[in-house]
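Sending over a structure as structure tokens; questions will come in a sec.
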Amino acid sequence: MAQWLLKTEPDTFSWDDQVARGGRGEPWTGVRNHAAKRNLQSMKIGERAFFYHSVHGKEIVGVVEVIREAYPDPTDPSGKFVCLDVKAVMPFPEPVTLVEIKAEPRLADMALVKYARLSVQPVTDEEWRIVCGMGGVDAASTR
DNA sequence: GCCAACGTTGGC
DNA sequence: GCCAACGTTGGC
């Protein structure tokens with residue numbers, strides 16, 4: 001089971017918006033980058049992803065679950081890119097900020113640090129555990 | 001097929 | 001608001 005990180009600008013689509021969608025979930029559209037597209041296509045139903053607020057907040061605010069695997073992005077006129085659906089699983093009691101992640105030596109290799117602009121990123125098992133711990137949740141409870 | 005110019009993203 | 005990083009475009 002792989003883990004992921006999805007970036008969104010909260011002005012456009014925030015954690016609260018995601019929670020408001022409930023179990024119906026929400027299509028994760030707008031990815032226009034091939035590295036991110038490959039990651040989207042690797043994501044399987046039931047896998048978890050961190051929900052990251054870029055620009056405003058710059059923090060991981062919760063965990064979402066993939067409920068529909070990659071399909072053509074309806075917002076892409078070229079038809080080349082894909083999206084998938086996610087639903088909210090749980091919020092982080094303590095959002096984990098980019099500053100905190102950068103200050104944690106064990107997270108120095110996180111894609112969020114090394115490839116700041118990649119909007120869909122893989123997260124390793126160890127990174128998942130560390131970030132969950134910093135966010136105040138037991139990593140096992142996110143499964 | 002190379003690479004300079006340009007546009008976009010996102011941290012600061 | 002600036003600008004570095006990086007992806008994309010288009011001329012050659």
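Chain naming here is simple, since letters A, B, ... match the order of the sequence lines and numbering starts at 1 in each. Quick note: numbers below take in every heavy atom, side chains included, and nothing from hydrogens, waters or symmetry partners.
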A/R32 and A/S78 side chains, donor-acceptor separation under 3.5 Å:
no

Show me the side-chain donor-acceptor pairs of residues 21-31 of chain A shorter than 3.5 Å, one per line, residues at least two apart or across chains.
from  : atom 1 : to    : atom 2 : distance (Å)
A/R21 : NE     : A/G25 : O      : 2.9
A/R21 : NE     : A/E26 : OE1    : 2.9
A/R21 : NH2    : A/G25 : O      : 3.3
A/R24 : NE     : A/R21 : O      : 3.2

To the nearest 10 degrees, what angle separates the axes at the start and end of the helix from B/dG1-C/dC12 to B/dC12-C/dG1, five pairs each?
10°

Chain A contact limits on DNA chain C, taken 5' to 3' with a cut-off of 4.0 angstrom to heavy atoms:
C/dA5 to C/dT8

Would you please say whether a donor-acceptor pair under 3.5 Å links the side chains of A/W4 and A/S42?
no

Starting from the C-alpha separation in whole Å, work towards a yes-or-no answer on side chain to side chain contact (heavy atoms under 4.5 Å, CB included) for A/V63 and A/R48.
CA-CA 7 Å; A/V63 174; A/R48 303 296 199 249; 4.1 Å; yes

Check A/D16, A/D17, A/T12 against A/S14 for a side-chain hydrogen bond (donor to acceptor under 3.5 Å, both in side chains) and give me the one that passes.
A/D17

After noting the C-alpha distance and the side-chain angles of A/F92 and A/F51, does the key distance pass the ring pair (Phe, Tyr, Trp, His ring centres under 6.0 Å) rule?
CA-CA 10 Å; A/F92 271 7; A/F51 192 106; over 10 Å; no

Side chains of A/Q3 and A/D125: is there a donor and an acceptor less than 3.5 Å apart?
yes

Under 4.0 Å, counting only non-hydrogen atoms across every strand here, what does A/K7 touch: a base, just sugar-phosphate, or nothing?
sugar-phosphate

Roughly how far apart are A/D109 CG and A/L112 CG, rounded to 0.5 Å?
12.5 Å

